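For clarity, every value in this text was computed on a predicted model and none was experimentally measured.
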Amino acid sequence: MFLVALAFVGCTNTEEQLRRRAAELCQYIPDHQLNPQSRNFLTADFYAVLDTMFNHLPEFEAMDHEWLYYFVTGNGGSMADYEVLGVKQTDGTHAVATIRVRQVWEDGSFDPNTDVEEHQLFMEKVDGQWLISDFDGHKADCQRHIAISHKEQAMRNAVGLYLVSVIGSNYLQGELCVPQLTIVHSDALDADTCRVWGDFRVFWYNLSGDTLKTVSGGNHAGCFTLLQKNGRFEVLNFDQTVDGAGNVASAKRIFGQYFDQFQNCQSNADMRVAVRTQQLAYYVKQHGLPVRFYQDYGWPAKPLTEL
């Protein structure tokens with residue numbers, strides 16, 4: 001009987017220790033950004049996945065995959081209030097904590113019907129310390145998104161190279177040629193071939209102080225067919241819309257079921273400016289240029305998006 005009682009007490013103490021540790025770890029769940037201090041409270045592989053996700057992936061399309069950038073409070077300005085409901089240890093080095101998260105507003109209020117959610121906090125014991133190993137399966141979500149992003153970036157690189165080297169060669173040239181891609185849709189024809197529909201633009205610039213001044217440029221909407229070889233893509237064909245009276249008809253033929261999406265992208269001036277400034281800022285950052293503005297002829301200079 002005494003041994004049974006000791007075993008029960010030991011089990012109870014272990015569960016209570018896990019509950020306290022889970023409550024401590026809740027403060028390091030990613031919420032819109034990855035706290036650098038989280039490195040000491042996440043497993044190395046989970047931190048590496050989140051660091052890639054939050055800090056090292058270029059995002060070009062406004063609002064794409066935004067849900068992956070916050071895990072707890074959503075996109076509304078509330079604060080997370082945590083409560084550990086229970087912890088289940090699945091083996092000697094793994095446990096799962098069920099936590100309740102209240103979306104608390106600045107005045108301390110919350111709606112118990114809509115602002116309270118339950119989540120799963122996965123824990124792993126590493127070198128004697130319990131760390132966060134996953135949260136609601138987001139590790140797998142992020143890994144899938146990273147793989148997709150790397151493939152999309154390879155496709156973008158191929159399309160961008162074509163825009164600069166082939167199409168850009170037909171424009172009045174300056175010091176720098178920078179492509180602009182607004183992708184409407186992409187799909188795979190087979191394991192090695194894919195198509196990319198979008199509104200594609202190319203601009204030549206001269207560098208003047210901290211400003212890129214536009215020399216020439218234009219848009220070339222249509223569909224690229226790409227072939228993948230050893231992780232890289234090359235352009236097999238570019239079917240682009242025609243100018244003049246046949247423009248709409250050619251766009252409907254090329255974009256098909258994605259025509260309305262294309263029209264929305266092409267006609268939204270604010271989105272075009274946002275895409276241009278963001279992608280140009282990324283180009284400037286990648287090439288280490290001392291640039292803060294770009295300027296079209298006859299227009300005031302516009303600031304680049306900070307990355």
Side-chain angles (χ1 to χ4, degrees), residues 60-64 152-189 193-208 211-228 233-283 293-302 304-305:
F60 297 115
E61 308 299 337
M63 305 298 285
D64 269 8
E152 287 181 349
Q153 189 57 42
M155 292 190 300
R156 285 178 176 274
N157 290 342
V159 171
L161 178 62
Y162 184 92
L163 290 172
V164 169
S165 60
V166 178
I167 293 180
S169 63
N170 297 316
Y171 283 91
L172 177 64
Q173 299 184 13
E175 297 173 344
L176 301 171
C177 189
V178 183
Q180 176 184 320
L181 287 67
T182 303
I183 294 177
V184 172
H185 184 78
S186 64
D187 68 10
L189 291 172
T193 311
C194 66
R195 293 176 296 185
V196 181
W197 291 265
D199 183 24
F200 308 106
R201 296 168 188 259
V202 62
F203 295 95
W204 279 98
Y205 299 95
N206 283 334
L207 179 59
S208 177
T211 303
L212 286 176
K213 296 197 173 185
T214 307
V215 175
S216 63
N219 72 303
H220 298 266
C223 178
F224 280 92
T225 301
L226 306 174
L227 175 66
Q228 185 176 16
F233 286 91
E234 61 181 44
V235 175
L236 293 181
N237 180 60
F238 180 37
D239 186 10
Q240 61 177 309
T241 58
V242 301
D243 294 330
N247 178 263
V248 173
S250 65
K252 287 183 176 179
R253 175 185 61 81
I254 294 170
F255 285 89
Q257 62 182 309
Y258 315 117
F259 175 74
D260 288 342
Q261 293 172 250
F262 163 67
Q263 284 284 78
N264 290 336
C265 290
Q266 195 178 53
S267 62
N268 189 328
D270 290 338
M271 190 183 78
R272 290 202 309 273
V273 170
V275 170
R276 183 179 180 185
T277 56
Q278 189 177 45
Q279 293 187 18
L280 192 53
Y282 182 72
Y283 180 93
F293 304 90
Y294 74 93
Q295 184 176 20
D296 292 333
Y297 182 77
W299 292 87
K302 292 182 179 293
L304 295 182
T305 304

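- Between Val275 and Arg201, the closest side-chain pair of non-hydrogen atoms is not below 4.5 Å.
- With sequence neighbours excluded, the residues that form a side chain to side chain contact (heavy atoms under 4.5 Å, CB included) with Ala301 are Phe293, Gln295.
- Within the model, atoms SG of Cys194 and CE of Met155 stand 5.0 Å from one another, a figure rounded to the nearest 0.5 Å.
- Summarising the geometry, atom CH2 belonging to Trp204 is positioned 13.0 Å from atom OG1 belonging to Thr214; distances are rounded to the nearest 0.5 Å.
- Side-chain atoms of Asn219 do not come within 3.5 Å of backbone N or O of Phe200 as any donor-acceptor pair.
- Sorted by first and then second residue, the salt bridge (charged side-chain N to carboxylate O under 4.0 Å, His left out) pairs with a member in residues 238-248 read Asp239-Arg253; sequence neighbours excluded.
- Closest heavy-atom contact between Val215 and Tyr205: CG2-C, 4.0 Å.
- Counting only heavy atoms from C-beta outward, the side chains of Asp296 and Arg276 approach each other to under 4.5 Å.
- Closest non-hydrogen pair, Asp199 versus Ala221, comes out as OD1-CB, 4.0 Å.
- Residues Gln279 and Arg156 have side chains in contact (heavy-atom distance under 4.5 Å, counting atoms from C-beta outward).
- Residues Trp197 and Asp187 have side chains in contact (heavy-atom distance under 4.5 Å, counting atoms from C-beta outward).
- The CD atom of Gln263 lies 12.0 Å from the CG atom of Asn268; values are rounded to the nearest 0.5 Å.
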Between side-chain atoms of residues 161-181 and protein atoms elsewhere (two or more places apart, or another chain), which donor-acceptor pairs fall under 3.5 Å?
residue: Ser165; atom: OG; partner: Leu161; partner atom: O; Å: 2.6
residue: Ser169; atom: OG; partner: Val166; partner atom: O; Å: 2.6
residue: Tyr171; atom: OH; partner: His220; partner atom: NE2; Å: 2.7
residue: Glu175; atom: OE1; partner: Leu207; partner atom: N; Å: 2.8

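- Taking the side chain as every heavy atom from C-beta outward, Phe259 and Val184 never approach each other to under 4.5 Å.
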Next on the checklist: With side-chain contact (heavy atoms from CB on, under 4.5 Å) as the criterion, how do Ile183 and Glu152 come out once you've worked through the C-alpha distance, each side chain's angles and the decisive distance to 0.1 Å?
Outcome noted: CA-CA 10 Å; Ile183 294 177; Glu152 287 181 349; over 6 Å; no

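- Judged as a ring-ring contact (aromatic ring centres under 6.0 Å, His included), the pairs with a partner in residues 260-280 (not counting sequence neighbours) are, in order, Phe255-Phe262.
- Rounded to the nearest 0.5 angstrom, Glu234 CD and Phe224 CZ are separated by 13.5 Å.
- With sequence neighbours left out, Thr277 forms a side chain to side chain contact (heavy atoms under 4.5 Å, CB included) with Val273, Tyr294, Thr305.
- Distance check, rounded to the nearest 0.5 Å: OG1 of Thr211 to CG of Asn206 gives 12.0 Å.
- Here the shortest heavy-atom pairing between Ala158 and Val235 reads O-CG2, 3.9 Å.
- Remark: Arg272 engages no residue in a salt bridge (charged side-chain N to carboxylate O under 4.0 Å, His left out) (not counting sequence neighbours).
- If you take CG on Leu236 and OG1 on Thr225, they are separated by 6.5 Å, rounding to the nearest 0.5 Å.
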